[in-house]
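Okay, so here's the structure we're looking at.
Please read all numbers here as calculations on a predicted model, not as lab measurements. Residue numbers start at 1 and run along the sequence shown.
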Amino acid sequence: MEQIVLTLLSAGVLGTLAHLLRIPPLVGFLAAGFALGGLGVQPFTGLEVLADIGVMLLLFTIGLKFDLRSLFRPETYGTASIHMALLSIVGMGTVGVLAIVMAGSLEGGWREAAVVGFALTFSSTVLCVKVLEERSDDGSFYGQTAIAVLVIQDIVAVVYVTATAERPPSPWALLLVLLVPASWLLRRVLDRVGHGELLVLFGAAMALGPGYLAFSAVGLEGDLGAFIMGLLLSSHRRATELSKSLFGVKELFLVGFFLLIGMSSTPSWTDVLIALALCVVLLPLTFVAFVVLGRLFGLRNRTTVRMSLLLSNFSEFSIIVTAVGVTGGLVGERWMTVVAVAVPLSMVVSSIANTQALDLTTRLTARLPEQDDRRLRPADRPIDTSDADVVVLGMGRVGRAAYAHLAAEGGLRPLGVDNDHFVVQRLEADGFRVVEGDATDNEFWTRMVAGGFVRTVVLAMPIHNSNMFALAQLRAAGFDGRVSAVAQHPDQLEHLRREGVGAVVNVYAGAGAALADATLALPLDDA
């Protein structure tokens, strides 16, 4: 028990200190792991299991929010494949030079350098998704593109580990395709699961049962199974609610993951210097390569810089791939220690850099050459509002009604914005002029501002905080036109009015008034 208390107290103290210094708490957790490892404290029994569950739940929630179409965009598979090929070569050369200069020799020859160089091409899925969630950017275009790149990298890692394993996957692995029809039944269960602890229990069971255990039982990577189970449930109407219900449990267990990363090895000073040199050389090259490839595949400068900052780190898969190389006799034990140190060091550097992401993005974007908007990916181009009189943010039932009334009765040319791809498709088929975008995403507003502003904006999103965020972005951009909004509660109406919104409507009061008018219009039967 003393060991558990010491570990949790160390994580709590250093995590809080990191938070007070305005850097991500996970930096404090990594530091706690390093400190405990340096003091000779071993991970308490069960910490590794808790950490594994945290990673599984994280990947499950990624699947719940992931847009599968992202994998099939050229900026995703093109960037991921070319980047891994280039950085494998650069990494091999860097490892070879450092081995000769700092360690005196390259014991395993260039095969050893090739394996370690390849291992260092992976970016950390856990770290990147954690950063995106903290910024609420996991649904943004750059966030979805980065996650898709990470998924492709993880698939490559799983294929490598499987191909080099002593035993290949079981032929029973083919039966995993039955999870697709089985997901229909699981979706019906999700329809009937309540809220609170039942929903949390359902999500954990899906991640660990048909997800992790089913895949690991047939010789495949269990974490991949957790992701796929989330993906199979991602289109369910309760997917977002399920993801939110798992947030606290997932965050707690992930503390164990970062502690284990820090406690994983006891390196010599030479090992630390080599690991530090790998970070100094390869992390900037990783960033530059992502920026160049992002521009090559038609991403905006701002998008590619944000994505590159996020992905410029080493992965937990770097350790796994190196460990497989050690088991196969391709890599010496020393490089296992070096990589185990380089990974958390890169996470610390990446975490600190991403706390300054907005400022760094603005500075770096200004130094990149201008781009032709016509060559950008459609989802990343500035939003053209030149032929619209009013923008309606949120195309649910209220937004659609406002859009239709403004067009029919007001004679205006509205443009609708919604973050649901399928809603956008349906509305376009019905003749609405609508674009896909998330008004709670900072990057959406850089596209909107670049496209110019109309003179009227309707805030019709169902969540009050979303409308307030959009209003703040309008004000920050210097918008001085007309703004109207909907709210659900009296305090929200007052909040919007205090912030200068010209017209605020209580959606329930409006519905009640409309119902009363319809009732009065009904004829009475005098008989």
Side-chain angles (χ1 to χ4, degrees), residues 10-38 51 54-55 58-59 61-62 120-138 140 142-143 146-147 149-150 153-154 247 250-265 272 275-288 290-291 305-319 339-364 442:
S10 301
V13 169
L14 292 180
T16 302
L17 180 60
H19 175 72
L20 293 174
L21 294 174
R22 298 184 182 276
I23 57 179
L26 66 89
V27 175
F29 305 149
L30 287 167
F34 277 126
L36 291 169
V55 172
L58 177 70
L59 292 173
T61 55
I62 294 172
L120 295 175
T121 62
F122 299 99
S123 303
S124 173
T125 301
V126 176
L127 175 68
C128 293
V129 174
K130 189 103 169 53
V131 170
L132 286 172
E133 285 186 341
E134 288 175 352
R135 296 199 296 235
S136 297
D137 279 353
D138 45 344
S140 66
Y142 92 87
I147 291 173
V149 169
L150 289 165
Q153 289 183 350
D154 290 353
F247 183 81
K250 174 195 67 182
E251 293 292 290
L252 178 61
F253 288 172
L254 278 175
V255 173
F257 170 81
F258 291 111
L259 285 169
L260 278 175
I261 288 287
M263 299 169 72
S264 61
S265 60
V272 173
L276 188 60
L278 286 172
C279 291
V280 169
V281 174
L282 293 181
L283 293 182
L285 292 176
T286 296
F287 173 80
V288 171
F290 273 126
V291 169
V305 168
R306 296 211 73 180
M307 182 184 75
S308 302
L309 281 172
L310 186 68
L311 294 173
S312 296
N313 47 68
F314 302 140
S315 170
E316 52 279 1
F317 266 121
S318 301
I319 298 174
V339 172
V341 175
V343 168
L345 282 178
S346 75
M347 289 182 175
V348 172
V349 172
S350 180
S351 298
I352 294 173
N354 276 283
T355 60
Q356 306 296 320
L358 290 177
D359 182 51
L360 286 172
T361 299
T362 301
R363 293 184 182 185
L364 294 171
N442 280 310

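Residues T286 and L311 are not in side-chain contact: their nearest non-hydrogen atoms beyond the backbone lie 4.5 Å or more apart. Using a 4.5 Å heavy-atom cutoff, the side chains of F317 and L150 are not in contact. The closest side-chain heavy-atom distance from S315 to Q153 is not below 4.5 Å. In this structure, the side chains of F290 and V149 come closer than 4.5 Å at one or more pairs of heavy atoms. At least one side-chain heavy atom of L364 sits under 4.5 Å from a side-chain heavy atom of F287.
Looking at residues two or more places apart in sequence or on another chain, you find a side-chain hydrogen bond (donor to acceptor under 3.5 Å, both in side chains) between S350 and N313, N354. Residues that satisfy the salt bridge (Lys or Arg N to Asp or Glu O under 4.0 Å) test with K130, not counting sequence neighbours, are E134, E251. Judged as a side-chain contact (heavy atoms from CB on, under 4.5 Å), and not counting sequence neighbours, the contacts of F253 are L50, I53, L57, V249. In this structure F29 satisfies the ring-ring contact (aromatic ring centres under 6.0 Å, His included) test with no other residue, sequence neighbours excluded. With sequence neighbours excluded, the residues satisfying side-chain hydrogen bond (donor to acceptor under 3.5 Å, both in side chains) with S124 are E316.
For residues 276-285, there are no side-chain hydrogen bond (donor to acceptor under 3.5 Å, both in side chains) pairs, not counting sequence neighbours.
For the pair S318 (side chain) and F314 (backbone), a donor-acceptor distance under 3.5 Å is absent. The backbone N or O of V305 lies less than 3.5 Å from no partner atom in the side chain of T361, so there is not a single donor-acceptor pair.
Of the inter-residue distances, the one linking L283 atom CG with S123 atom OG reads 9.5 Å to the nearest 0.5 angstrom. If you take CG on L132 and CE on M307, they are separated by 11.5 Å, rounding to the nearest 0.5 Å. Atom CG of L58 sits about 10.5 Å away from atom CG of L127, to the nearest 0.5 Å. Annotation: the span from M347 atom CE to I352 atom CD1 amounts to 13.5 Å, rounded to 0.5 Å.
In plain terms, the two heavy atoms of A342 and C279 that are nearest each other are O-SG, 3.7 Å. Summarising the geometry of L120 relative to L278, their closest heavy-atom pair is CD1-CD1, 4.0 Å, with the distance given to 0.1 Å. G28 approaches A18 most closely through the heavy-atom pair N-CB, 3.8 Å. Between T125 and L59, the closest heavy-atom pair is CG2-CD2, 3.7 Å. Considering every non-hydrogen atom in both G33 and M263, the closest pair reads O-CG, 3.2 Å. Across every non-hydrogen atom of A11 and V255, the tightest pair is CB-CG1, 4.0 Å.
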